[in-house]
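Some notes on the structure that comes next.
Below, each value reflects all heavy atoms present in this structure, side chains not excepted, and no hydrogens, waters or symmetry copies. Counting begins at 1 with the first residue of the sequence.
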Amino acid sequence: MALYLYSIDEAEDRKFIVTKAMSGQAKMGTLVHIMECSENSSGISVSYRVTETGQDFNIKFENLKQFCKWARPDNFIARHYEHLSNKDVLHYLKISSRSFVSFCLPLILAALVIIWAVSMICLKNTAGIILGCVLSVIAVAVILGIYRYQKKHIMVSLYNKISTNWGIVVK
């Protein structure tokens with residue numbers, strides 16, 4: 001769920017979640033406020049303030065794509081950051097960064113290889129092909145279900161944590 005910017009100017013005066021830690025600066029999962037940005041021939045310079053500590057840092061990137069790998073905008077986390085623990089934010093980043101290609105596809109391919117190997121070794125006739133097809137469809141459905149459930153579950157959990165201040169329980 002990487003959101004790319006068209007220009008570094010769009011990042012100025014906005015809050016971002018750090019998705020990749022830089023040594024001696026903001027940790028992964030930290031909310032930062034981008035104060036000033038500039039672009040020149042040598043790259044992009046960004047001045048930012050860590051929201052929790054109030055420390056100011058400067059960082060340099062070769063291009064806009066690297067900046068987007070380092071941090072991403074997220075209005076939900078920016079609004080409710082004070083109600084969430086660092087563990088919650090890191091778990092949210094892990095789950096929300098998953099895509100079909102990075103999470104589901106490797107699991108589906110591994111499951112299909114195992115299913116077809118076992119069905120062809122155990123049953124070498126038409127029953128093996130039918131069993132392989134049925135188990136393949138079931139495996140794909142289960143993996144996609146887990147993928148959707150985890151994204152929904154983490155958001156419901158986070159909404160539940162922030163809604164306790166409003167007296168609302170989300171289930």
Indicate yes or no for a side-chain donor-acceptor contact from Gln25 to the backbone of Asn58 under 3.5 Å, with no hydrogens or angles considered. yes
In this structure, CG of Leu158 is separated from NE2 of His80 (nearest 0.5 Å) by 10.0 Å
Evaluate whether atom CD of Glu62 has more than 12 neighbouring non-hydrogen atoms of other residues, nucleotides or ligands under 6.0 angstrom away. no
When every non-hydrogen atom of Arg98 is compared with those of Tyr147, the smallest separation belongs to O-OH, 3.5 Å
Counting N and O atoms only, with roles assigned by atom type, does the side chain of Ser136 sit under 3.5 Å from a partner on the main chain of Gly132, one being a donor and the other an acceptor? yes
To the nearest 0.5 Å, atom CD1 of Ile114 lies from atom OG of Ser119 at 12.0 Å
- Task: Under the side chain to side chain contact (heavy atoms under 4.5 Å, CB included) rule, what do Leu144 and Cys104 come out as? Steps first, then yes or no, please.
- Result: CA-CA 7 Å; Leu144 288 175; Cys104 293; 4.0 Å; yes
Could you give me the CA-CA distance, side-chain angles and deciding distance for Arg72 and Ser97, then say whether side chain to side chain contact (heavy atoms under 4.5 Å, CB included) is met?
CA-CA 11 Å; Arg72 75 173 198 215; Ser97 296; 3.1 Å; yes
Between Leu112 and Leu105, is there a shared hydrophobic cluster once you connect ILVMFWY residues whose side-chain heavy atoms come closer than 4.5 Å? yes
For Phe61, the ring-ring contact (aromatic ring centres under 6.0 Å, His included) test, sequence neighbours excluded, returns Phe67, Trp70
Practice task
On the 0 to 90° scale, with breaks at 30° and 60°, tag the Tyr149-His153 ring pair as parallel, tilted or perpendicular.
Solution key: parallel
Hydrophobic cluster membership, with links at side-chain heavy-atom distances under 4.5 Å among I/L/V/M/F/W/Y: are Val118 and Val134 in one?
no
Next item on the list: State plainly whether one hydrophobic cluster holds both Phe103 and Leu109, where clusters connect Ile, Leu, Val, Met, Phe, Trp and Tyr through side-chain heavy atoms under 4.5 angstrom apart.
Entry: yes
Smallest heavy-atom separation, Tyr81 atom then Thr30 atom, equals OH-CA, 3.5 Å
Closest heavy-atom pair, Lys15 versus Leu31, reported as atoms and distance to 0.1 Å, is CD-CD2, 3.9 Å
Taking the side chain as every heavy atom from C-beta outward, state whether Phe76 and Ile17 have any atom pair closer than 4.5 Å.
-> no
Show, in sequence, the C-alpha distance, side-chain angles and deciding distance for Ile129 and Met120, and conclude whether the side chain to side chain contact (heavy atoms under 4.5 Å, CB included) test is met.
CA-CA 7 Å; Ile129 294 173; Met120 287 295 124; 3.6 Å; yes
Applied to residues 105-124, the ring-ring contact (aromatic ring centres under 6.0 Å, His included) test, sequence neighbours excluded, yields none
All heavy atoms of Met28 vs all of Leu90, minimum pair found to be O-CD2, 3.3 Å
For Ala11 and Cys37, the nearest pair of non-hydrogen atoms, with its separation, is CB-SG, 4.3 Å
For the residue pair Lys60 / Ser42, report whether a side-chain donor-acceptor contact shorter than 3.5 Å exists. yes
Rounded to the nearest 0.5 Å, the CG atom of Leu107 sits from the OG atom of Ser102 at a distance of 9.5 Å
When rounded to the nearest 0.5 Å, the distance separating OG of Ser96 from NE2 of His91 is 10.0 Å
Inset, instruction - Treating Ile, Leu, Val, Met, Phe, Trp and Tyr as nodes and any side-chain heavy-atom pair under 4.5 angstrom as an edge, say whether Met155 and Ile77 lie in one connected cluster. - result: yes
Distance col, row Asp74:CG vs Arg79:CZ, nearest 0.5 angstrom, shows 9.5 Å
CD1 (Ile44) and CD1 (Ile8) are apart, to the nearest 0.5 Å, by 4.5 Å
Next item on the list: Take Ser85 and Asp88 through the test side chain to side chain donor-acceptor pair (under 3.5 Å) and record every step on the way to the result.
Entry: CA-CA 5 Å; Ser85 69; Asp88 294 331; 3.1 Å; yes
In short, Val18 meets Leu93 closest at the heavy-atom pair O-CD1, 3.8 Å
### Message
Closer than 3.5 angstrom, by distance alone: can the side chain of Thr19 be matched with the main-chain N or O of Lys69 as a donor-acceptor pair?
### Response
yes
Q. Is Met22 reachable from Val50 through a run of I, L, V, M, F, W or Y residues, each pair having side-chain heavy atoms under 4.5 Å apart?
A. yes
- Counting only heavy atoms not in Glu36, do more than 12 sit closer than 6.0 Å to its CD atom? no
Residues at least two apart in sequence or cross-chain that pass ring-ring contact (aromatic ring centres under 6.0 Å, His included) with Phe57, listed by chain then number, are Tyr48
